[in-house]
Amino acid sequence: MKEQPLKYLETIEREDFQKDLISWFSREQRNLPWRRDRDPYKVWVSEIMLQQTRVDTVIPYFNRFLEKFPTLDALALAEEDEVLKAWEGLGYYSRVRNLQSAVKEVHEQYGGIVPDTPKEISSLKGVGPYTAGAILSIAYGKPEPAVDGNVMRVFSRILSIWLDIAKPSSRKVFEEAVRALISKENPSYFNQALMELGALICTPTSPSCLLCPVREHCRAFDEGVQEELPVKSKKKAARKLNMAAAVIFTEDDRVVIHKRPGTGLLANLWEFPNFEVSTSRSGRKQLEERLEADYKVDASLKAGVITKIQHVFSHIIWDIEVYAGSVESSALNETELIAVTEQELEKYAFPVSHQKIWKETKLIKN
DNA sequence: AAATCGTGGTT
DNA sequence: TAACCAAGATT
């Protein structure tokens, strides 16, 4: 016998639930820049930025991004380096490369109009099940589920669903719940209200049940188990990597940088030359060897470590020793390394770890 | 299914 | 402070 995760679904008074939820959202929703209109392009940009990212972090990025790329066509025609620069510091950079790729597709294949069918919109790069549902419901008023972490948390409590929400297979169960309960009159507010509720009231720890507009519909509150839900397995710890980075100046006081590969971690961002190193030997020696082996560049580095920087990713921790050095600018010809002025550095998108490297180097240099 | 892919804020 | 968390998608 299989446990029925949606055994309480039939007990929800659908019309009452919708009304309580939507009227609360109508009263209490935050005034956010992407809620000023329903422009599918703006909704799209906001949804991509908000993936795994807090509202307060996104707001200034969203405003700057829309200033720089006000329309879908403007983004489609922009240079990728400029787009990455606008994303600098937001993280998960493949989001914005996929976004621009998809926007180009809409520009060329759909006449610049974001498609409004699940099949077409889901085929766009970077648009998964959540984002497809969010755009379809918020921009086009279609009754499609948009199941994110908030929605899984809210419904795990309301319907007392004890599935592990960290498992990919769980999402479809929550989508089924949303399909059964979503308002056909206002799917946009219904979906947004679930997320707003998760963000403001039905929080991961210490949910404010006494302020909750749908408390009377909540099975977990009824049973006093709201703090036990949702069930979420933990992911394994990040692994540490020892790195060494070199801030290398040319005789005319330019700085040597390198563009990362187009796939993988921090794809297409710029960086100071750096390598994984062994702790058993001098980081300086290993750097010089790798600069020669990988880039055919004969640079000379100073002996001491300038500074140590730690940078934590989701799945990796970089411990970086930073060295300074110099090179003849003519030695960089025909290599993957380029030398730019300090002023020009500002135009290149760097990961935060390398922003730290430059900041610390400048502090010590001056 | 489990890893990969960033960063900053909170507990 | 280490762990956890935040409007996920891709491989």
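In the text below, chain A, chain B and the rest are named by the order of the sequence lines, each starting its count at 1.
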(request) Supply the members, apart from A:L77, of the Ile/Leu/Val/Met/Phe/Trp/Tyr cluster built from side-chain contacts under 4.5 Å; use none for a lone residue. (result) none
(request) Scan residues 134-164 of chain A against DNA chain C and write down, sorted by residue number, each residue with any heavy atom closer than 4.0 Å; if none is found, say none. (result) A:D148, A:G149, A:N150, A:R153
(request) Kindly give the heavy-atom pair with the smallest separation between A:P187 and A:P143, and that separation in Å. (result) CB-CA, 3.6 Å
(message) Looking only at side-chain N and O atoms, does A:Q29 offer a donor or acceptor that is under 3.5 Å from a partner on A:Y189?
(response) yes
(request) Sticking with atom C1', work out how far C:dC5 lies from B:dG6, rounded to a whole angstrom. (result) 13 Å
For residues 261-281 of chain A, which side-chain N or O atoms pair as donor and acceptor with protein atoms under 3.5 Å away, sequence neighbours left out?
| unit_1 | atom_1 | unit_2 | atom_2 | d |
| --- | --- | --- | --- | --- |
| A:N268 | ND2 | A:E80 | OE1 | 2.7 |
| A:E271 | OE1 | A:R260 | NH1 | 2.7 |
| A:E271 | OE1 | A:N274 | ND2 | 3.0 |
| A:E271 | OE2 | A:H258 | ND1 | 2.8 |
| A:N274 | ND2 | A:F272 | O | 2.8 |
| A:S278 | OG | A:S280 | N | 3.0 |
| A:S278 | OG | A:S280 | OG | 2.6 |
| A:R281 | NH1 | A:E289 | OE2 | 3.4 |
| A:R281 | NH2 | A:E289 | OE1 | 3.1 |

(message) For chain A and DNA chain C, what are the first and last nucleotides along the strand, 5' to 3', with at least one atom under 4.0 angstrom from a heavy atom of the protein chain?
(response) C:dC4 to C:dT10
(request) May I ask you to decide whether A:D56 forms a salt bridge with A:R54, counting only side-chain N to carboxylate O separations under 4.0 Å? (result) no
(message) Can you build the contact string for nucleotides 3-11 of chain B? Use B for base contact, S for sugar-phosphate-only contact, and - for no protein heavy atom under 4.0 Å.
(response) -SBBBB---
(request) For C:dA7 versus B:dT4, give the span between their P atoms, rounded off to a whole number of Å. (result) 23 Å
(request) Tell me, please, which residues at least two apart from A:D16 pass side chain to side chain donor-acceptor pair (under 3.5 Å). (result) none
Only pairs under 3.5 Å count here: list side-chain donor-acceptor contacts from residues 104-111 of chain A, not counting sequence neighbours, and write none if there are none.
| unit_1 | atom_1 | unit_2 | atom_2 | d |
| --- | --- | --- | --- | --- |
| A:K104 | NZ | A:A76 | O | 3.2 |
| A:H107 | ND1 | A:D73 | OD1 | 2.6 |

(request) Report yes or no: is the cationic atom of A:R284 (NZ for Lys, CZ for Arg) closer than 6.0 Å to the six-membered ring centre of A:Y323, at no more than 45° off its axis? (result) no
(request) Please work out which residues in residues 115-128 of chain A have a non-hydrogen atom less than 4.0 Å from an atom of DNA chain C and list them by number. (result) A:K125, A:G126, A:V127, A:G128
(request) Go through the side-chain N and O atoms of A:S329 and A:E251 and say whether any donor and acceptor fall under 3.5 Å apart. (result) yes
(message) Applying a 4.0 Å non-hydrogen cut-off, can you work out what A:R260 is touching in the nucleic acid: base, sugar-phosphate, or nothing?
(response) nothing
(request) Can you tell me, in whole Å, how much space there is between the P of B:dC5 and that of C:dA6? (result) 23 Å
(request) Check whether any side-chain heavy atom of A:L337 sits under 4.5 Å from a side-chain heavy atom of A:I257, and report yes or no. (result) no
(request) Look at the aromatic rings of A:W358 and A:F249 and report parallel, tilted or perpendicular, splitting at 30° and 60°. (result) tilted
Donor-acceptor pairs under 3.5 angstrom involving side-chain atoms of residues 298-314 of chain A: please list them, not counting sequence neighbours.
| unit_1 | atom_1 | unit_2 | atom_2 | d |
| --- | --- | --- | --- | --- |
| A:Q310 | NE2 | A:D319 | OD1 | 3.0 |
| A:H311 | ND1 | A:K356 | NZ | 3.2 |
| A:S314 | OG | A:Y92 | OH | 3.4 |

(message) Please give the distance between the P atoms of C:dA9 and B:dG8 as a whole number of Å.
(response) 22 Å
Please tabulate, one pair per line, all N/O donor-acceptor pairs under 3.5 Å involving side-chain atoms of residues 123-130 of chain A, not counting sequence neighbours.
| unit_1 | atom_1 | unit_2 | atom_2 | d |
| --- | --- | --- | --- | --- |
| A:S123 | OG | A:E120 | O | 2.6 |
| A:K125 | NZ | A:S101 | OG | 3.3 |
| A:Y130 | OH | A:E47 | OE1 | 2.5 |

(request) Specify the residues of residues 31-41 of chain A, ordered by number, for which at least one heavy atom lies under 4.0 angstrom from an atom of DNA chain C. (result) A:L32, A:W34, A:R35
(message) Tell me whether the count of non-hydrogen atoms from other residues, nucleotides or ligands lying under 6.0 Å of CZ in A:R35 goes above 12.
(response) yes
Show me the donor-acceptor pairs, under 3.5 Å and distance only, between side chains in residues 156-168 of chain A and residues at least two apart or in other chains.
| unit_1 | atom_1 | unit_2 | atom_2 | d |
| --- | --- | --- | --- | --- |
| A:S156 | OG | A:M152 | O | 3.2 |
| A:S156 | OG | A:R153 | O | 2.8 |
| A:R157 | NE | A:Q226 | O | 3.0 |
| A:R157 | NE | A:L229 | O | 3.0 |
| A:R157 | NH1 | A:C202 | O | 3.3 |
| A:R157 | NH1 | A:T203 | O | 2.8 |
| A:R157 | NH2 | A:T203 | O | 3.1 |
| A:R157 | NH2 | A:P204 | O | 3.1 |
| A:R157 | NH2 | A:Q226 | O | 3.4 |
| A:R157 | NH2 | A:L229 | O | 3.0 |
| A:S160 | OG | A:W162 | NE1 | 2.9 |
| A:D164 | OD1 | A:A166 | N | 2.9 |
| A:D164 | OD1 | A:S233 | N | 3.0 |
| A:D164 | OD2 | A:S233 | OG | 2.8 |

